[in-house]
Every structure is written in C-alpha cells, then in structure tokens.
Amino acid sequence: MIGKTSHDTTTELKEILHRRWRLGEKLIESWIFLAGILTIVVLLGIIVLLLKEGLSAFWYTPPWEFLFGTKWYPVSEPPTFGITSFFVATLWVTLVATAISVPIGVACAAYLAEVAPAKVRETVKPIIEILAGIPSVVMGFIGLLLLSPLVQSAFNLNTGLCGLTAGIMLSLMSLPIIISVSEDALRAVPDDFREASYALGATKWETIRHVCIPGALSGITAAVMLGVGRAIGETMTVLMVAGGALAVPVSPTDPMMPMTAVIASGIGNAVRGGLQYQALFAIGLILFAITLAVNLFADRVLDRQKRKFAR
Amino acid sequence: MRAGVISKRQLSQRTAFSLLITATIIVILPVLAIVIQIIVSGADAISLEFLTEAPSQAGKAGGILPAIVGTFYLMLGTIIVALPLGVMAGIYLTEYARDNWFTRSINLAIVNLAGVPSIVYGLFGLGVFVLLFHFGMSLLSASLTLACQALAMTVTTSREAILAVPREYREGSLAVGATRWQTIRHLVLPQALPGIITGAVLAMSRAAGETAPILVVGAAFLLPGLPQSPFDQFMALPYHLYTVAAHIPGMARSTMWGVALVLLVVVLSFNVLATVIRLRARQRRYSS
C-alpha cells in the first residue's frame, strides 16, 4: 500500500483546524452567554448583600421601631435607630420635585411632540440633553451657592438649605426623563387618531387635550413614575442642599435629611459590620425596594403602551 | 354668533399653546443660566497652574491635576469593564436568546439595574469589592462599582445598535455558509459599531460625574501624588467639588467654580462627542 497522499493530509489538517475553530467559536459563544447572565448576577448580588446586611439590623431594632422611630443616635450608648425623619424628608423632597416637574415636563413634552416646529425642537432637545448630562454634584453645588440664598430670602427662612431647595433642584433633574418618555408616548399615538379628530372639526389644542394626551396617558404615567424614582434615589443634591437636620420635618421649608443623604454621610464613619453599618444597609434595602417597585411598575405600563398601538 | 364661538375656541388654543411654550422656556432657562454661570465664574479660576499642579493648603491653593487624572482613570477603568461585557450581553440578547423566561429575566434585570440609586451601588461596591474581594478603598473598587452601574447602559445601547442592523445582512451571510459567530463578528458588529461607541462614550460621561458611589468606595480629598496602582486611593473631580463646596470652610468661591467648570467641561464634551458620532453615522447611512 502507498502511504497517505498529500491530499488526505491536507483534508485532515483542515478538519483539525476547522474543529479547533469551531471550538473557539463555542468558547466565545459561552462567554457571550455568561455576559448575559452577569446582569442578573449583579442585580441578585445587590439584593443578597442588602438583605444580608440590612436584615441583620432588624435583630437589634425591630422593623416596626426602625421604620417608625424618630430617634437616630447611631453613636450613643446604646445606639437608637429610627428612620421616620429621613423617610418623611424623602417624601417631602420627592413631593416638591414631582409637583414642579410633572406639569412642566408634560407640558414641555406636549409642546415638543405636537406643536413645536422642527427647528425649535432641534434647538430645545440638545439643551434638555445637556440638562440630563449635568452631574448631580454640580446641581447640588448650584443649589448651595445660587438657589438657597434665593429661597431663604423669598420665604424669609433661617437657612436656605431645606427640603424646598432640594426639591426644586431635584425637579430640574427629573425633567429630562419625564420629557423624553412623555414625548415618546405622545409620538406613539397614531396620526390617524389626530386626523380623525381634525375631521370632526376639533382644533389642534382640542386634539392634543382630548385625543393625544388620553392616548398617551399610560406612557405619561410611566414617565412620572421614572421621574419620581429618580428623585427618590438622588443622593448628592439632597446631601448638599437639604439641610441635614435630624428632626422630623413638618414643612418643606425645614432643613431635613432624606434617606440617601443619611447613607452617604454616615457610611464613611460606620464600623464595618457594626450596628450603624447594618442600619445604613437597611435604609439602602428600603430605598432599593421602593425604586424597584417604581421601575417595575413603569416598565409594565410602558410595555402595555407599546402594545396598545402596535399593529 | 358662529364666528364668536370659533374665536373662543381659538382663544383657548392660543392660551394653551402659550402655556406649553412657557413650560418649555421654564425648562430651558435654568439650564442656560447654570451653564453660563459656571463658565463665567469658573473661567477666573482656570490657569495653567490650576490644571497642572497638585493641591496644597487643604485644596485652597495649587491646582486640581490629581482630581482630573483620577477622573480619567475612573472613566477608563469603568469602560474597560463595562463595554466588553455590555456588548457581549447585547449580542446574546439579540442574536442568541430565545423568547423565554430566562431572556425576560435578563431584560427585567437590566431595567431594574438602570433604576437602582447610585448610593446603593456604593453600598454594593463597599460590600463586594472593598470588603469581600479585599480590593480595599481603591481605584479598582471604584472602577468596578461604576462599571456595574454603567452595565445597564452599555447593554441597552449595544442591544439597540445591534437590533438596528437589518436582518437581510445576517440572512445573506448565513446563506453563503458563514457561521453565526462569523456573521456577528464580520457583519453585525461593524455595522452596529457607531451605536455601541455612542453608548460607551455616554457611559463614560456618566461615570465622570458620579459622586455618591465613589464617596463610599475610595475617593480621597487630598493626596500628595497621582495613584500609582489600581489598589491606590484616588482623587476625582466630582468628589473634589463636593468637598470644597460643602466641607472646607473659607474656601475661595472662584476655586469652587473652577472645579465645577472643569468637571462640566469633561462631562459635556463627552456628551457632545457621543452626539457627533451618532450624527456622523446617521449621515453615512443616509448618503450610502
């Protein structure tokens, strides 16, 4: 018998190479799969860590006292952990922020989506993108130096560093998301609806008021929810301008300390694994639970809106 | 009579529209005021010394070079981790994933990661990178923390960019015998690249401005020199701004405005860069 021909060898070599190539490809594809899983791993990691550290705080302070206690003395002996002041503070700043940003944001979105000429829209949109890009610490800085003196003199307060100032700055920061999501929702309303409304003799405004906005309502709701989520989770601005007082705030013009600010200002001094450390993680857990609920709700609503006009 | 009714309706339309315009102006004016004020007030502080020297006298004299460098290291560290992972996850979601509970839970995880407050990412970084992995309060811990936060964004933008590549491209490639990975590598990814880069640049801009997470996992206010290794502590512009504005009594206002201006320039220039890339890619698509 004659030995292997060169042709056979080449084929064999090709096959080996091919197999190795396929192997490399499988390897890459498994990495891709792992990267997909990683997003879930990070979220689960956050949940597990917050639960592990946060729930241990409730061994020391029962959940009821933790939520409804008004005294926060982390370094006295024995320490007391009650977060009512912080929870109420978060409510106040979020309320102020929402009360300002929702009507203005939705009106701005309606203008951009339905009324504005293309040229105006192309000038306004980049400005809103700039607003979205301004870091929260810069907003806090502006609130500290520019807005708080104005608020102080306008309302005749002892200090301009209060929930109202923080809420006004937060409203600016929630505006971009409220505007862009509401605008998308308005644009998703099919033109047939508008034309039908015009054909019935409605003016443009009547069409916006009675056709476009009701049609986009679920999307606008989601926009509001996302804006609220943004305001609740915002840290630097409230840390710098809300005033930092530990008492339960009874009016938005009181100095106050929202939950995010408590974590940011306390975590640096807290002993790792100590009672204060755990209490701060418990606040983180509550914050996370609230924003999770808000986001899940917004996502659900947006999904429904998308399906509503899909054909 | 009829004319009166119509004019009444037109009047209400006019009133409503002017309200909408007013709302839009209320949105725009503060933005312009803030940006212009920072540029005008910050310009006084900017000098070669301010940009190229280390701070002295608790930040009251000298410059902010270590903070600028620290912020660039952070942006780099964040994107080195978040971009490849984001692109791969984007490829998985668009090219491989089936419509089942697993894919839905990945998408749900992304939506929720995007909404997690930044301070909670800080707690996560502290618990996992600083303490569990023993990376300490360091540049590495901070970069990984910011990368986790940026992940939602890089995955989403990669996914959108890849989805925008027409299906015919893939079908043509598969029809001539290319494997699925070859198709992705040589056809889909090059097409999606501008969109992916845009997302990456935006994520870097966000990382540059984040303060709360790095405050928890390792930013320092004053350091004598630049960080020498990923395990060193670091200075960063946003944290520096926070400290000089809120914690150092007797700080000159012009210094604060100067830091704010440098930070704003870094963040917004990356935003502009992202917009330019996006517009150019769109132009090329329309012209070809």
Side-chain angles (χ1 to χ4, degrees), chain A residues 25 28-29 31-33 35-36 38-40 42-43 45-46 49-50 53 104 107-108 110-112 115 124 127-131 133-138 140-142 144 146 172 175 179 203-206 229 232-233 235-236 240 260 263-264 267 272 281 284 287-288 291-292 294-296 299, chain B residues 9-10 12-13 16-17 19-21 23-24 26-28 30-32 34-35 37 85 88-89 91-93 96-97 105-106 109-113 115-120 123-124 126-128 131 148 151 155 179 181 205 209 211-212 215-216 238 241-242 245-246 256 260 263-264 267-268 271:
Chain A
E25 213 165 85
I28 292 170
E29 289 179 344
W31 275 100
I32 285 174
F33 179 65
L38 190 75
T39 54
I40 300 182
V42 173
L43 187 68
I46 293 175
L49 183 79
L50 289 175
E53 299 288 349
I104 293 178
C108 179
Y111 178 69
L112 292 177
V115 186
V124 172
I127 297 177
I128 295 173
E129 270 171 40
I130 290 177
L131 178 60
I134 298 178
S136 62
V137 67
V138 173
F141 173 69
I142 294 293
L144 199 64
L146 298 185
L172 274 177
L175 274 172
I179 295 173
T203 63
K204 197 163 188 182
W205 167 242
E206 286 160 349
I232 294 176
T235 310
M236 292 319 291
M240 292 168 85
T260 49
I263 302 177
I267 196 77
R272 311 279 161 77
F281 270 82
L287 264 179
F288 177 82
T291 48
L292 190 78
V294 167
N295 279 296
L296 281 178
D299 189 52
Chain B
R9 289 170 62 195
Q10 276 174 342
S12 86
Q13 161 147 320
F17 281 6
L19 279 177
L20 298 188
I21 293 172
T24 310
I26 293 176
V27 176
I28 296 170
V31 186
L32 297 180
I34 289 170
V35 172
Q37 178 79 51
L85 290 174
M88 288 199 291
I91 293 174
Y92 176 73
L93 286 173
Y96 290 95
S105 37
I106 292 181
I110 295 168
V111 167
N112 285 303
L113 281 178
V116 173
S118 57
I119 188 69
V120 172
L123 292 179
F124 176 69
L126 178 64
V128 173
L131 298 178
C148 289
L151 195 61
V155 176
T179 63
W181 170 248
S205 161
T211 321
L215 177 138
V216 181
L241 177 60
Y242 165 62
M256 302 183 200
L263 175 58
L264 200 67
V267 168
L268 290 189
N271 269 338

Engineer: Pick one of side chain, backbone, both or neither for Leu123(B), based on which atoms fall under 4.5 Å of a heavy atom in chain A.
Structural biologist: both
Engineer: For each of Leu112(A), Leu175(A), Leu146(A), tally heavy-atom pairs with chain B at distances under 4.5 Å, and name the one with the top tally.
Structural biologist: Leu146(A)
Engineer: Using non-hydrogen atoms and a 4.5 Å limit, figure out which bit of Ser105(B) sits close to chain A: side chain, backbone, both or neither.
Structural biologist: both
Engineer: Find out whether Ile128(A) and Cys108(A) are in side-chain contact, i.e. whether some heavy atom of one side chain is under 4.5 Å from a heavy atom of the other.
Structural biologist: yes
Engineer: Hey, are the side chains of Met256(B) and Leu144(A) touching, using non-hydrogen atoms and a 4.5 Å cut-off?
Structural biologist: no
Engineer: For Leu93(B), is it the side chain, the backbone, both or neither that has a heavy atom under 4.5 Å from a heavy atom of chain A?
Structural biologist: neither
Engineer: Out of curiosity, Thr291(A) OG1 to Ile232(A) CD1, how far, rounded to the nearest 0.5 Å?
Structural biologist: 7.5 Å
Engineer: Which bit of Leu172(A) comes within less than 4.5 Å of chain B, counting heavy atoms only: side chain, backbone, both or neither?
Structural biologist: side chain
Engineer: Find the one option among Thr179(B), Val216(B), Val155(B) whose heavy-atom pairs under 4.5 Å with chain A are most numerous.
Structural biologist: Thr179(B)
Engineer: Give the minimum heavy-atom separation between Ser205(B) and Val267(B), together with the two atoms involved.
Structural biologist: OG-O, 3.1 Å
Engineer: For the interface with chain A, which of Leu113(B), Ile26(B), Asn271(B), Val120(B) has the highest count of heavy-atom pairs at distances below 4.5 Å?
Structural biologist: Leu113(B)
Engineer: In terms of heavy-atom proximity below 4.5 Å to chain B, should Leu49(A) be classed as side chain, backbone, both, or neither?
Structural biologist: side chain
Engineer: Taking Leu50(A), Leu43(A), Ile104(A), Val137(A) one by one, which has the highest count of heavy-atom pairs under 4.5 Å against chain B?
Structural biologist: Val137(A)
Engineer: Please give me the minimum heavy-atom distance between Leu241(B) and Phe141(A), naming the atom from each residue.
Structural biologist: CD1-CD1, 3.9 Å
Engineer: Where do Lys204(A) and Val115(A) come nearest, in terms of heavy atoms and distance?
Structural biologist: NZ-CA, 4.4 Å
Engineer: Where on Leu268(B) is there a heavy atom nearer than 4.5 Å to chain A: the side chain, the backbone, both, or neither?
Structural biologist: side chain
Engineer: Is chain A contacted by the side chain of Tyr96(B), its backbone, both, or neither, given a heavy-atom distance below 4.5 Å?
Structural biologist: side chain
Engineer: If I measure from the heavy atoms of chain B, does Val42(A) come under 4.5 Å with its side chain, its backbone, both, or neither?
Structural biologist: both
Engineer: Among Leu131(B), Leu151(B), Ile110(B), which has the most heavy-atom pairs under 4.5 Å with chain A?
Structural biologist: Leu131(B)
Engineer: Pick whichever of Leu38(A), Ile179(A), Thr203(A), Val138(A) has the most heavy-atom pairs under 4.5 Å with chain B.
Structural biologist: Thr203(A)
Engineer: Quick check: closest heavy atoms across Ala35(A) and Met88(B), and the distance to 0.1 Å?
Structural biologist: CB-CB, 3.5 Å
Engineer: Which distance, rounded to the nearest 0.5 Å, do you find between the OH of Tyr242(B) and the CG of Leu263(B)?
Structural biologist: 15.5 Å
Engineer: Between Glu206(A), Glu53(A), Met240(A), who has the most heavy-atom pairs with chain B when the cutoff is under 4.5 Å?
Structural biologist: Glu206(A)
Engineer: Only pairs of heavy atoms separated by less than 4.5 Å count here; which of Thr211(B), Ile34(B), Leu264(B) has the most with chain A?
Structural biologist: Thr211(B)
Engineer: Among Ala23(B), Ser12(B), Ala246(B), who wins on heavy-atom pairs under 4.5 Å with chain A?
Structural biologist: Ala23(B)
Engineer: Would you mind telling me which of Val128(B), Leu19(B), Ile21(B) has the largest number of heavy-atom pairs within less than 4.5 Å of chain A?
Structural biologist: Ile21(B)
Engineer: Can you say whether Ile142(A) sits under 4.5 Å from chain B via the side chain, the backbone, both, or neither, judging by heavy atoms?
Structural biologist: side chain
Engineer: Ile28(A) versus chain B, heavy atoms under 4.5 Å apart: side chain, backbone, both or neither?
Structural biologist: side chain
Engineer: Check whether Pro238(B) gets within reach of chain A through its side chain, its backbone, both or neither, counting any heavy atom under 4.5 Å.
Structural biologist: both
Engineer: Which answer fits Ile267(A), side chain, backbone, both or neither, if we ask what part of it has an atom under 4.5 Å from a heavy atom of chain B?
Structural biologist: side chain
Engineer: Can you name the nearest heavy-atom pair linking Ile106(B) to Gly36(A), along with the distance?
Structural biologist: CD1-O, 3.5 Å
Engineer: Working to the nearest 0.5 angstrom, can you tell me the gap between Leu20(B) CG and Trp205(A) CH2?
Structural biologist: 5.5 Å
Engineer: Compare every heavy atom of Ser118(B) with every heavy atom of Thr235(A), then report the nearest pair and how far apart it is.
Structural biologist: OG1-OG, 3.8 Å
Engineer: Report yes if the side chains of Trp181(B) and Ile32(A) come closer than 4.5 Å at any heavy-atom pair, otherwise no.
Structural biologist: yes
Engineer: Is there a side chain to side chain contact (heavy atoms under 4.5 Å, CB included) between Asn112(B) and Leu296(A) once you walk through the steps?
Structural biologist: CA-CA 7 Å; Asn112(B) 285 303; Leu296(A) 281 178; 3.5 Å; yes
Engineer: Taking side chain as everything from C-beta outward and backbone as N, CA, C, O, which of these in Leu85(B) sits under 4.5 Å from a heavy atom of chain A? Side chain, backbone, both or neither.
Structural biologist: both
